[in-house]
Structure formats: structure tokens, C-alpha cells
Amino acid sequence: MSGVLVVLEPRPGSDPAALSRISLEALAGGLHLAQQLSLPCIAALAGSGSAVQLQSPGFAPLRAAQLEQIYAIEHPLLAHYTADGHTLALEQLIRKLCPEYVVFPHTYQVRDYAPALAVSLGQPLVSDVIAIRIEDGSPIFVRQLFQGRLNADYRVTHPGSAPIFLSIQAGAFRAESLENSNGPATAASIVSFIPQLTEAQIRTRPAAPFRESARTVDLASAPLIVSVGRGIGEQQNLALVESLAAALGAELAASRPICDLGWLPMERQVGSSGQTVAPRLYLAVGISGAIQHLVGMKGAKTVVAINRDPAAPIFEVADYAVVGDLFEVVPELIKAIHATKGE
Amino acid sequence: MKIVVTLKQVPERDALLSISPGADWIDESALSFTTSEPDAYALEEALRLRDSQPGSELVALTAGPERSASVLRDALARGADRAIHVLTSSTHDPLSTAHLLAAAIRVESPGLVLTGLQSDDLGLGQTGVILAHLLGVPHSTLALHVEPVPTGIRVKRELEDGWFQHVEMPLPALATIQSGGNQLRYATLMGIKKARNKELRTIDAASLGAPAPPAAVELTRIFPPDKQKHTRTLAGSSAEIAAQLTGILRNEVHVL
Ligand SMILES: Cc1cc2nc3c(=O)[nH]c(=O)nc-3n(C[C@H](O)[C@H](O)[C@H](O)COP(=O)(O)OP(=O)(O)OC[C@H]3O[C@@H](n4cnc5c(N)ncnc54)[C@H](O)[C@@H]3O)c2cc1C
Ligand SMILES: Nc1ncnc2c1ncn2[C@@H]1O[C@H](COP(=O)(O)O)[C@@H](O)[C@H]1O
């Protein structure tokens with residue numbers, strides 16, 4: 001057969017297991033691609049009990065989607081994720097199905113094995129896709145370069161070479177329509193696929209996930225956030241954004257490098273490896289706006305960004321832009337806020 | 001243990017980027033270059049491992065044009081023992097880059113290869129994993145720390161949402177390093193002096209055997225990103241901007 005195969009994941013740590021949001025977005029992307037190219041769409045989930053999982057409530061949106069078939073890739077050796085287990089299992093399913101496209105959510109797990117899977121089939125992976133366009137009947141995949149400062153089109157230059165692998169960035173496609181579809185299942189049959197795997201093929205030994213420290217700051221419910229990035233330059237300059245946050249009555253948050261440097265605790269980090277926030281005001285100071293940061297704060301109602309680089313990607317999601325030196329603007333802003341408050 | 005660390009040269013973080021006339025890459029003529037950030041962390045982790053394991057050797061490796069030798073000189077100054085430069089002009093396809101790196105690494109037969117998680121320019125996040133596959137060694141990605149254990153190495157890797165995980169692998173193995181696990185050391189004057197006497201070998205890519213097959217997917221056009229929101233840019237002196245913004249925060253955003 002030919003078609004679009006979407007490989008999905010449960011949300012890490014979800015109990016009972018449920019499809020992750022980014023998986024649903026990848027499914028939306030796969031369905032879009034399939035529809036545009038008039039191809040059937042198939043989904044697959046790998047694990048040790050994926051057939052049972054697929055029947056559970058957390059997977060209802062998948063069962064209701066316009067799919068031709070859903071594959072439950074099942075094996076006891078897939079109980080805990082390993083790159084070797086996933087690569088071998090998916091390679092076998094892909095050789096059987098011969099899809100034209102294989103679509104993944106761009107998760108940490110996919111980062112870990114999809115490049116090996118693609119190369120083991122001698123095929124390319126277009127990683128971290130943010131949009132798909134069709135021109136003259138063939139797809140063009142858009143991805144970011146230079147940490148979001150530029151975009152690039154990628155085209156299939158050797159048609160007939162299949163499959164093309166894609167991983168889809170968080171937020172690239174909307175999952176709402178899939179999430180809310182409570183209509184009758186289109187009754188894609190769930191088919192079990194048992195790959196050939198032996199213990200000796202799995203070379204890595206993963207231990208159970210752990211967390212380092214409990215979070216004591218809940219940025220998720222903070223109404224006002226001042227967030228600081230590497231533009232602040234030095235640790236001693238943090239006092240400036242601390243006064244800004246105090247003047248506004250806002251929580252202080254940061255981009256990852258600030259927390260990596262130990263200037264602020266990890267729990268104040270916003271982004272894909274930190275907290276997801278949705279304040280009424282997100283005031284970004286000296287933050288470039290890499291995608292991993294944006295996914296953590298795109299839900300903010302109003303975004304104000306202060307950055308001296310007019311091409312900084314933070315401005316793409318900003319409602320109000322201040323292109324300038326933070327060391328000139330922020331002191332004036334603090335003064336003006338105090339004056340407005342009559343302090 | 002012999003450790004190979006791969007380093008990629010990329011434009012400086014704050015460089016102003018302009019699109020080349022053919023819109024197929026950026027104009028590199030006026031840029032300054034540096035080591036891709038995750039690679040700097042990979043080098044740091046490799047230096048610590050080398051120093052904790054007596055008798056170890058650390059080899060720095062890059063593939064790129066002539067100018068990219070600077071990342072190797074920097075690595076030597078920070079403490080790498082020797083360096084290999086695979087001279088090539090094409091580094092946009094991860095499979096062909098990994099082919100070149102694999103060919104250079106095979107003759108070294110290291111116990112451990114460390115790469116960056118993803119490059120600051122292309123951001124593919126693929127070269128390290130492909131490299132492990134080509135070398136036929138196990139890998140782990142998003143590693144913050146690598147520590148020797150009796151059976152091989154134990155990697156502390158980052159997961160989503162503030163979770164971590166330990167993964168053990170037998171040697172030889174490869175880990176891709178995520179930024180932030182260590183504080184980076186600077187090159188000392190002494191280090192820079194010593195580096196002058198260290199070996200930096202240049203190998204022409206063509207001498208490394210048949211290249212990878214041409215990529216089935218290619219970068220065809222570069223363009224500035226679209227705005228996702230209607231943005232109002234505030235102009236004027238800093239004081240004027242501050243006054244406007246305060247007005248907006250009070251009257252439109254209602255947070256003052
Ligand atoms: C798997 C993965 C997970 C990640 N998770 C996260 C995450 O959870 N959160 C996160 O934030 N990042 C995360 N990152 C890192 C992310 O890719 C970026 O590297 C990071 O967000 C950049 O932080 P920054 O904007 O502070 O620094 P930079 O990118 O260095 O930006 C600094 C900005 O400050 C501006 N600037 C400099 N001086 C001034 C001045 N005087 N006045 C005004 N502006 C100035 C510059 O123009 C620049 O735009 C992750 C990366 C990966 C690969
Ligand atoms: N041309 C290159 N020379 C040396 N190392 C490279 C090169 N390209 C990629 N790498 C390594 O592979 C990692 C991932 O790169 P990428 O797949 O482009 O995101 C980088 O952090 C480097 O460690």
C-alpha cells in the first residue's frame with residue numbers, strides 16, 4: 001500500500017495512558033498531508049500493551065479520526081522505551097506497509113530514535129517541521145534555521161524514493177478539531193503487529209525517570225510574568241529585571257540559559273523543558289524567542305518583548321515590540337510604572 | 001579511554017543574518033563564526049571525562065571549510081589532545097556529514113563519541129544519532145552528564161517536563177550532549193600557547209571513500225519567518241517608549 005503513516009506516543013507519565021497533545025497535532029498534520037495528496041492515513045502506537053491502550057478513553061480522538069487502519073505494535077521488549085527497540089519494531093512495520101510518508105511528533109523520544117530509523121531504511125528525515133505546503137502536487141516542508149531567525153523550504157528532489165520521514169513541531173498543526181470530535185468512530189480497525197525482537201538487540205538499559213526537586217513556584221497560574229533572557233549579560237544585572245517585576249507585581253521567570261548558568265533556579269524556567277505559562281502579561285526582556293521557549297509562553301494573552309535585534313523571533317509572537325537596548329528602556333519603564341501608580 | 005568529540009562551526013549567536021542572493025543560504029561573507037553551543041558543552045563533558053580517567057585521550061573533530069579549523073584550535077586551547085579537520089564545503093545534509101565523520105572516527109576506534117544534541121545553524125538534531133548508526137554503536141541523546149561504570153557508561157539524560165533518566169550503555173558508545181550540564185571553562189593563555197604544539201591534521205573529504213548518496217530532500221529556499229500576531233512597535237526615546245508602554249499596560253492590558 002502507499003499512504004501516510006503517523007506514529008503516535010502516549011503522554012509521558014500519563015496514567016491512565018492518554019495520547020499526548022503533540023501526537024494529536026502530528027496526527028492533524030498527517031491527516032492534512034494525506035488529504036492534500038489523496039492518500040490514505042494510518043496510525044501506529046508502539047508499546048507492550050498498545051492494543052488495550054488504544055481502546056481506552058485517552059485514545060478516543062484517535063479512534064474517531066479519519067484513518068484507514070490503526071496498528072498496535074506490541075512486544076514485551078517495548079514496555080520501556082529504548083532507541084533500539086523502537087527502531088527495529090518500526091522498521092519492520094514500515095517495510096511491511098511501504099508508506100510514502102512517515103510522520104512523527106517532534107518529541108524527545110522521536111529525537112532519540114527517528115534519525116536512526118530513517119537512515120536504517122536509507123531515507124531522509126525532515127526534522128522539526130513547522131508547516132507543510134503543496135505546490136504542483138508535491139509537498140514542501142518548512143522548518144526553522146538559526147534558532148528560529150530564518151525559515152527554510154525543503155523539497156523532495158528524488159521523487160519515488162519512499163518513505164520520507166517527518167517530525168512535526170509542537171503547535172504546527174491544530175489538534176482541537178480532533179480533540180473535540182465525539183462523533184461516531186470511523187471504525188478504523190485496530191490491527192496488532194508483533195515485531196521480531198530479542199533482548200540481545202537492545203543495547204541500552206534505561207532506568208526509571210526521576211525528578212530532581214519539587215517545584216515551589218507555580219508560574220502556570222501567575223497573572224503577570226517578567227521573563228529574562230541572556231540579553232541581561234551578567235548575573236549582577238538581574239537586579240534590574242527584579243525591580244521591574246517588583247514594580248509590576250509580577251513573577252520573575254527566565255529562559256533556559258539563565259537557569260543553566262544558575263542565575264535563577266530551574267523552577268523559574270519557561271519553555272519545553274521548563275514550565276508552560278499563560279499569564280495576562282508576559283514581558284520578555286532580552287529573550288531571542290527560540291521555539292523551545294515559545295512553546296512555553298505562547299498561551300500568554302499579551303506579549304511585550306524588549307530586544308535590540310529587530311529580527312529576533314520573539315517579535316513574531318509579540319503584541320507590543322520594543323526594539324532597543326534593555327539597559328536604556330527598562331530603567332525608564334520602572335520609573336514610568338512607579339509614576340503611574342503614584343508611588 | 002579514547003574520546004572523540006565532534007564540533008561544528010556556526011555563525012556567532014548575535015550575528016546579523018542576511019539571506020544570500022540565491023536565497024539558498026545566508027550570506028557568510030561578513031560573518032564571524034564560533035563553536036555551536038551544545039558542542040562546547042560536549043567538549044566540556046569530554047574534557048572532564050578525560051581528566052577523570054588516567055591514560056585517556058581526547059580528539060576533537062570537525063567537518064567543514066578551511067575557516068572551521070578555528071573551532072579545533074579553540075578546543076586544543078581548552079585542553080583537547082589533538083584534532084582532525086575533514087575539509088569539505090558541503091555540510092547541509094546530515095547523512096553526508098555523518099558519513100564523513102564516521103569515516104574519520106572509524107580509524108581512531110574510540111571508546112566514546114560525544115556530539116552536540118543539535119547544531120545552532122541547521123538545528124537538525126540528527127547527525128549524532130545517524131553517526132551512531134553508521135558506527136554500529138549504541139547511543140543516547142539529550143545527555144547532560146556521562147559517567148564511567150564497570151559495564152560501560154551511564155548517561156544522565158533530560159526528558160520532557162523537568163524529568164530525567166539514567167541510561168546505561170556498553171562501550172563503544174555515542175552520546176549527544178544537551179547544553180547546560182556544566183559550566184564551560186575558558187581557554188587560558190597557557191592553553192593557547194600549548195595548543196600551538198598539538199597535532200591538527202587535515203584530511204580531504206574526497207580521500208575518505210565514497211560519499212553518501214545524494215539527499216532525497218533538499219533545502220531549496222530560505223526566507224524570513226511570518227508574523228504570527230499583529231505587532232505594534234513602539235518608537236521614540238526610551239522615556240517616550242516607557243510612557244507609551246505604561247499607558248498600554250494600564251488602558252489596554254489593564255494590569256496597572
Ligand atoms: C531540547 C531543548 C529544550 C530546550 N528547552 C528550553 C526551555 O525550556 N526554555 C528555554 O528558554 N530554552 C530552551 N532551550 C534553549 C533554546 O533553544 C534557546 O537556546 C534559549 O531559549 C535561548 O535563550 P535566550 O533567548 O535567553 O538567549 P539568546 O538566544 O542568546 O538571546 C538573547 C537575546 O537578547 C538580545 N539582547 C542582547 N543584548 C541585549 C540588550 N542589551 N538589550 C536588548 N536585547 C538584548 C539578543 O538580541 C538576543 O535576541 C531548549 C533547547 C533544546 C534543544
Ligand atoms: N560539520 C560538522 N562537523 C562536526 N560535527 C558536526 C557537523 N555537523 C554536525 N555535527 C555534530 O552533530 C551535532 C548535531 O548536528 P545537527 O544534526 O546538524 O543538529 C552537532 O552538535 C555536532 O556535534
Side-chain angles (χ1 to χ4, degrees), chain A residues 12 83 108 111-112 115-116 119-120 123-128 144-158 161 164 203-207 209-212 224 256 260 272-273 280-281 302 304 313 315-324 328-329 332-333 335-337 340-341, chain B residues 14 17 19 26 94-95 120-126 129-130 132-133 138-142 158-170 179-180 214-229 231-234 238-239 241-243 245-246 248-250 253 255-256:
Chain A
Y108 278 27
R111 286 167 171 276
D112 194 57
V119 75
S120 70
Q123 287 300 117
L125 164 66
V126 189
S127 46
D128 218 348
Q144 297 186 323
L145 299 179
F146 301 98
Q147 311 220 21
R149 290 155 78 204
L150 291 170
N151 282 356
D153 282 349
Y154 282 73
R155 273 175 203 260
V156 181
T157 43
H158 291 8
S161 147
I164 304 293
R203 296 167 295 178
T204 57
R205 293 162 52 84
F210 64 94
R211 267 202 151 123
E212 302 234 282
L224 308 178
R256 177 169 176 142
D260 281 344
S272 63
S273 51
R280 281 166 63 200
L281 172 68
T302 301
V304 179
F315 289 132
E316 286 156 40
V317 300
D319 300 277
Y320 301 97
V322 177
V323 181
E328 287 170 18
V329 176
E332 292 295 338
L333 185 56
K335 264 196 262 169
I337 292 168
T340 305
K341 283 183 155 177
Chain B
D14 281 352
L17 303 176
I19 297 170
I26 51 162
L95 183 57
D120 286 344
D121 53 356
L122 288 170
L124 301 168
Q126 294 192 45
V129 178
I130 297 176
H133 184 88
H139 74 270
S140 190
T141 56
L142 284 141
E158 176 178 315
L159 301 177
E160 275 136 344
D161 249 350
W163 291 83
F164 300 91
Q165 177 185 40
H166 285 116
V167 174
E168 285 190 13
M169 304 188 280
S179 297
V217 172
E218 275 175 31
L219 191 168
T220 53
R221 183 176 71 105
I222 292 194
F223 54 100
D226 296 332
K227 286 241 168 265
Q228 292 168 32
K229 272 189 175 179
T231 308
R232 204 164 115 198
T233 302
L234 309 181
S238 294
I241 288 172
L245 190 51
T246 315
I248 289 165
L249 294 181
R250 163 158 280 190
V253 192
V255 295
L256 266 185

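Every chain is numbered from 1, with letters handed out A, B, ... down the list of sequences.
Heavy atoms closer than 4.5 Å to chain B are found in both the backbone and the side chain of Leu150(A). Contact annotation for Pro214(B): both backbone and side-chain heavy atoms come within less than 4.5 Å of a heavy atom of chain A. Residue contact with chain A, scored on non-hydrogen atoms closer than 4.5 Å, involves the backbone of Asp226(B) exclusively. In this structure, the portion of Leu142(B) lying under 4.5 Å from any heavy atom of chain A is its side chain and not its backbone. Proximity to chain A (any heavy atom under 4.5 Å) is shown, for Leu234(B), by both the backbone and the side chain. When heavy atoms are compared at a cutoff of 4.5 Å, Leu224(A) approaches chain B solely by way of its side chain, counted from C-beta outward. Heavy atoms closer than 4.5 Å to chain A are found in both the backbone and the side chain of Leu124(B). For Ser273(A), the parts lying under 4.5 angstrom from a heavy atom of chain B are both the backbone and the side chain.
Contact count versus chain A (heavy atoms, under 4.5 Å) is highest, among Pro170(B), Ala243(B), Ala239(B), for Ala239(B). Highest contact tally toward chain A, considering only Ile130(B), Asp120(B), Leu95(B), Leu249(B), is held by Asp120(B) [criterion: heavy-atom pairs under 4.5 Å].
The structure places CG of Leu219(B) at 6.0 Å from CG of Leu145(A), a figure rounded to the nearest 0.5 Å. How far OG of Ser238(B) is from CD of Glu332(A): 6.0 Å, rounded to the nearest 0.5 Å. With values rounded to the nearest 0.5 angstrom, Thr246(B) atom OG1 is found 11.5 Å from Lys335(A) atom NZ. Note that OG1 of Thr340(A) and CG of Leu245(B) are 10.0 Å apart. Values are rounded to the nearest 0.5 Å. Note that CD of Gln126(B) and CG of Leu125(A) are 4.0 Å apart. Values are rounded to the nearest 0.5 Å. Of the inter-residue distances, the one linking Asp121(B) atom CG with Phe146(A) atom CZ reads 5.0 Å to the nearest 0.5 angstrom.
Of all heavy-atom pairs between Pro225(B) and Asn151(A), the closest is CA-ND2, 3.6 Å. Considering all non-hydrogen atoms of both residues, Thr157(A) and Ala215(B) come closest at OG1-O, 3.4 Å.
No more than 12 heavy atoms of other residues, nucleotides or ligands sit less than 6.0 Å from atom CZ of Arg205(A).
Under a 3.5 Å cut-off, the side chain of Glu160(B) and the backbone N or O of Pro12(A) do not form any donor-acceptor pair. A donor-acceptor contact shorter than 3.5 Å links the side chain of Arg256(A) to the backbone of Ser179(B). Remark: side-chain polar atoms of Arg155(A) are not paired, donor with acceptor, to backbone N or O of Arg221(B) under 3.5 angstrom. Checking side-chain atoms of Lys229(B) against main-chain N and O of Tyr320(A) turns up no donor-acceptor pair under 3.5 Å. A side-chain donor-acceptor contact under 3.5 Å links Thr231(B) to the backbone of Ala318(A).
A donor atom on one side chain and an acceptor atom on the other are found under 3.5 Å apart for Asp112(A) and Thr141(B).
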